Each structure stands twice: as C-alpha cells, then as structure tokens.
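Comments concern the structure below.
Since the model is a prediction, treat every value here as computed from it, not as a measurement.
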Amino acid sequence: MSRERPRRLNLPPAQEHIEKLEKFINEGNFYGAQQMYKSISARYASAQRYPEALDILHSGACLQLKNNQITCGAELAVLFVETLVKGKMPYDDDSLDRIRKIYKMFPQIPVPHNLGPDDDEQKLAEALGAAKLRVEGCSSFLKAAIKWSVEFGANRHGAPELHAMLADYIYSESPELDMARVSYHFVRGDNLKKFASTLVNFMGKCYPGEDDLAIARAVLMYLSMGNLGDANDIMDEVKEQMEAKNLEFPESDLIHFISFLLQTVERDALPLFNMLRINYKPSIDREPTFNEYLDDIAEKFFGVQRRSPLQGMFGEFFRMM
C-alpha cells in the first residue's frame with residue numbers, strides 16, 4: 001500500500017491575509033479579526049507552512065496589543081509560541097527578536113496606588129483589574145516562550161533574555177507585587193544591573209523588614225544555582241547603587257549571615273556552613289524558602305546529598321509558581 005502524504009493545501013501567500021486582517025483591526029472589528037487570525041493560521045500550520053503561520057500570528061498579536069486588546073493579543077502571542085514548537089523552530093536571534101517585538105507591544109501603564117476622592121475608587125478598581133490582566137497575559141506568553149527556548153536550544157533554565165523581560169514586566173506592572181517571583185526570573189536572566197536597580201527601587205517603598213529579605217533572597221537564589229560570581233556581584237552592585245543615591249544599606253542579622261555565607265562558600269568550609277545555619281536560624285526562618293535554598297547550596301558547594309532526590313525538584317517547581 002502506498003503511504004498517504006499530508007495534503008498540501010492551495011493557500012495564497014500569507015501577506016494577503018495579513019493585509020486583509022489589518023483592515024479589520026483598523027475598522028475596530030477586533031473580535032472578528034481574532035477568529036480569522038486563529039483559523040487562517042491553523043490552516044497554514046496544518047499544511048506545514050509554519051513560517052507563514054508565524055507571520056500571521058505575529059502580525060495579529062502585535063496589532064491587537066497595539067490597540068489595547070490585551071486578551072486577544074496575549075492569546076495570539078501564546079499561539080505564536082505554540083506554533084514555534086509545532087514547527088520545531090530553533091531558538092535563534094530571529095525568533096528571539098520576534099518574541100521581543102510582541103513583548104514590547106504589551107502596554108506599560110503605571111498603576112495608581114493612592115485612593116483619591118470616593119468617586120475615584122471605581123477608576124482605581126478598573127485600573128488594578130486591567131493591570132492584572134496585562135501581567136497574566138504577558139506572563140503566559142513569556143513562560144511559554146521560556147519553555148520553548150529550553151526545548152529548542154537555550155540553556156536548561158531557558159533563555160536569559162526572556163527571563164529578564166518577564167521579571168521586569170512583573171515588577172513594573174503587577175498590582176500585587178511578588179518580589180520572590182520577580183527575583184526567580186532575574187537570577188535566570190542576563191541583566192544583573194537591572195536586577196540591582198529593581199532591588200534598590202523595591203527597598204525604597206517596601207514595608208520595614210522586607211529590604212534585607214529581598215537582598216538575602218537574591219543572593220541565596222544565585223547560590224542555589226551554583227552561581228557564586230553573581231551572588232557576590234549582586235551584593236556589590238546594590239551597595240554601589242545605594243551609595244550613589246545616598247541611601248543606607250540595610251544592616252541586620254540576616255545580612256550578616258549572608259555576608260558570612262559568601263565567605264564560607266568561597267572557602268569550602270562545610271563545618272562553618274553548618275554552624276552558621278544553627279547560629280542564624282531565627283533569621284533564616286523568617287522566610288520558609290531560605291532553608292530550601294540552603295539545602296541546594298549545601299549540595300552544590302559541599303556535596304551534601306539530600307535525603308530525597310525529589311526534594312530539590314519539587315522545591316524548584318513550587319518556587320516558580
């Protein structure tokens with residue numbers, strides 16, 4: 001029996017559809033255009049004409065976001081990444097540039113944090129809801145892109161550029177700031193100076209007692225990945241930026257612990273490492289994940305095996321959520 005080949009559909013050049021759908025967008029027919037972007041790109045993907053499917057989805061995502069259609073734009077952005085996966089497109093500069101262009105189309109709008117007169121409460125609620133929608137949409141898109149980059153050519157943590165984009169967007173746009181989530185992506189990113197400036201900015205507006213936690217978390221995250229160089233550099237860069245702004249670097253038992261820890265890791269001194277964990281236990285216990293990071297550090301730098309090999313795996317999974 002002869003093997004049946006996939007049917008090659010007789011499809012016109014994608015540019016014809018792109019121009020037609022752009023007219024729909026310009027006329028304000030966002031929903032109608034959305035359905036056509038999805039159905040037409042699916043036809044090209046079914047015919048294994050992935051580059052053209054990507055062109056259609058990329059154009060649609062950018063145009064919808066440009067017109068502040070966040071839900072539609074984010075949906076097409078995720079479909080763009082899913083098509084990269086289906087087409088087995090490699091992680092390269094061209095694909096990264098296209099992802100970056102979509103990312104830059106997500107609106108960046110300062111969220112108001114101060115309530116004015118009573119009649120402004122409704123506006124504030126709407127602004128917070130819109131900000132949450134933007135962050136969720138951009139996060140879904142970039143998380144999908146990071147997963148694609150892992151599978152098709154980036155390092156095992158995913159493309160550093162994508163992590164840096166996601167960290168920056170979450171920090172600048174999220175109405176409910178999760179600094180642990182921001183830090184998770186920055187330490188896997190490629191912009192340490194930006195991470196440091198973000199920490200300095202955060203320390204200028206956080207609640208008392210959160211400033212040293214933010215610094216300690218950053219250092220411990222780097223060390224838990226075996227990255228001693230950046231762990232030292234983030235401390236130095238934060239100190240330098242704070243000094244330039246005439247700000248005082250926080251002093252606490254936790255900061256003392258972090259300073260001693262960096263010296264201990266450099267000296268490969270396991271007994272001292274264990275002693276520090278005991279002596280500074282009250283400070284370490286201020287954040288539950290710190291002990292998990294220290295277990296990672298013990299394994300990476302001192303060869304201490306975990307009781308369960310799944311411990312680190314599940315810790316990593318829950319920290320990313």
Check: Quick one: salt bridge (charged side-chain N to carboxylate O under 4.0 Å, His left out) partners of Asp212, sequence neighbours excluded?
Finding: Arg286
Next item on the list: For Glu126, look at atom CD and say whether over 12 heavy atoms of other residues, nucleotides or ligands are found less than 6.0 Å away.
Entry: yes
Notebook entry, point to check: So, Arg277 and Asp295, do they make that salt bridge, N to O below 4.0 Å?
Noted result: yes
Notebook entry, point to check: Any donor and acceptor pair, going by atom type alone, linking the side chain of His163 with main-chain N or O of His157 inside 3.5 Å?
Noted result: yes
Margin query: Assess the residue pair Val219 and Asn232 against the criterion (side-chain contact (heavy atoms from CB on, under 4.5 Å)); give the C-alpha distance rounded to whole Å, side-chain angles, the decisive distance to 0.1 Å, and a yes or no.
Written below: CA-CA 7 Å; Val219 172; Asn232 278 299; over 6 Å; no
Notebook entry, point to check: What are the two closest heavy atoms between Ser149 and Ile146, and how far apart are they?
Noted result: OG-O, 2.7 Å
Next item on the list: Return the set of residues passing salt bridge (charged side-chain N to carboxylate O under 4.0 Å, His left out) with Glu75 (not counting sequence neighbours), or none when no residue passes.
Entry: Lys38
Checklist line | Joint cluster assignment, Val85 & Leu76, ILVMFWY side-chain distance < 4.5 Å | finding: yes
Note to self: Hydrogens and angles aside, do His256 and Glu251 bring a side-chain donor and acceptor to less than 3.5 Å of each other?
What the structure shows: yes
Next item on the list: Please determine if Arg49 and Glu52 form a salt bridge, counting it only when a charged side-chain N lies under 4.0 Å from a carboxylate O.
Entry: yes
Check: Of all residues at least two apart in sequence or in a different chain, which pass the side-chain hydrogen bond (donor to acceptor under 3.5 Å, both in side chains) check with Asp230?
Finding: Asn227
Notebook entry, point to check: Where is the tightest heavy-atom contact between Met242 and Val200, given as atom of each residue plus distance?
Noted result: CG-CG2, 3.8 Å
Note to self: When you compare the side chain of Leu54 with that of Met89, does any pair of heavy atoms fall below 4.5 Å?
What the structure shows: yes
Notebook entry, point to check: Applying the 4.5 Å side-chain criterion to the ILVMFWY set and letting contacts propagate, would Leu247 and Ile215 be lumped into a single cluster?
Noted result: yes
Check: Closest heavy-atom contact between Leu65 and Pro107?
Finding: O-CG, 4.4 Å
Checklist line | Tyr91: which of Ile99, Leu84, Leu96, Val150 passes side chain to side chain contact (heavy atoms under 4.5 Å, CB included) | finding: Leu96
Note to self: Looking at Lys300 and Ser224, would you say the former's side chain and the latter's main chain have a donor-acceptor pair under 3.5 Å?
What the structure shows: yes
Margin query: Could you check whether any side-chain heavy atom of Leu220 comes within less than 4.5 Å of a side-chain heavy atom of Ile258, counting everything from C-beta outward?
Written below: yes
Notebook entry, point to check: Do Arg217 and Phe290 come close enough that some side-chain heavy atom pair is under 4.5 Å?
Noted result: yes
Next item on the list: Indicate, with yes or no, if the rings of Phe302 and Phe273 have centres closer together than 6.0 Å.
Entry: yes
Next item on the list: Mark yes or no for whether His58, through its side chain, and Phe80, through its backbone, hold a donor-acceptor pair below 3.5 Å.
Entry: no
Check: What are the two closest heavy atoms between Ala53 and Ala45, and how far apart are they?
Finding: CB-N, 4.0 Å
Next item on the list: Check whether any side-chain heavy atom of Leu228 lies under 4.5 Å from a side-chain heavy atom of Phe301, and answer yes or no.
Entry: yes
Notebook entry, point to check: Any sub-3.5 Å donor-acceptor pair from Gln34's side-chain atoms to Cys72's backbone N or O?
Noted result: yes
Next item on the list: For residues Ser197 and Gln241, determine if any side-chain heavy atom of one lies less than 4.5 Å from a side-chain heavy atom of the other.
Entry: yes
Next item on the list: Answer with yes or no whether the hydrophobic clustering places Tyr31 together with Leu79; edges join I, L, V, M, F, W, Y residues whose side-chain heavy atoms lie under 4.5 Å apart.
Entry: no
Next item on the list: Determine the minimum heavy-atom distance between Ser95 and Pro90, stating which atoms define it.
Entry: OG-O, 3.6 Å
Notebook entry, point to check: How are the rings of Phe106 and Tyr169 set relative to one another: parallel (under 30°), tilted (30 to 60°) or perpendicular (over 60°)?
Noted result: perpendicular
Check: Under 4.0 Å between a Lys/Arg side-chain N and an Asp/Glu carboxylate O for Arg100 and Asp97?
Finding: yes
Note to self: Could you check whether any side-chain N or O of Ser139 sits under 3.5 Å from a backbone N or O of Val135, counting only pairs where one atom can act as donor and the other as acceptor?
What the structure shows: yes
Note to self: Quick one: does any side-chain atom of Thr289 pair with a main-chain N or O of Glu292 as donor and acceptor, under 3.5 Å?
What the structure shows: no
Notebook entry, point to check: Under 3.5 Å, is there a donor-acceptor pair between the Asn201 and Thr198 side chains?
Noted result: no
Note to self: Distance to the ring centre below 6.0 angstrom and angle to the axis at most 45 degrees; does that hold for Arg188 and Phe186?
What the structure shows: no
Notebook entry, point to check: Considering only heavy atoms from C-beta outward, does the side chain of Leu11 approach that of Ile40 to under 4.5 Å?
Noted result: no
Notebook entry, point to check: Which is it for Gln15 and Asp55 under the side chain to side chain donor-acceptor pair (under 3.5 Å) test, yes or no, and what are the steps along the way?
Noted result: CA-CA 8 Å; Gln15 189 60 34; Asp55 289 344; over 6 Å; no
Margin query: Measuring only between side-chain heavy atoms, which start at C-beta, is Phe202 closer than 4.5 Å to Leu177?
Written below: yes
Notebook entry, point to check: Can a donor-acceptor pair be found between the side chains of Tyr222 and Asp233 at a distance below 3.5 Å?
Noted result: no
Next item on the list: With the side chain counted from C-beta on, respond yes when Leu223 and Tyr293 share a heavy-atom pair under 4.5 Å apart, and no when they do not.
Entry: no
Next item on the list: Could you verify whether a donor N or O on one side chain and an acceptor N or O on the other, from Ser174 and Glu176, lie under 3.5 Å apart?
Entry: no
Notebook entry, point to check: Sub-3.5 Å donor-acceptor pair from the side chain of Tyr280 to the main-chain atoms of Asp253, do we have one?
Noted result: no
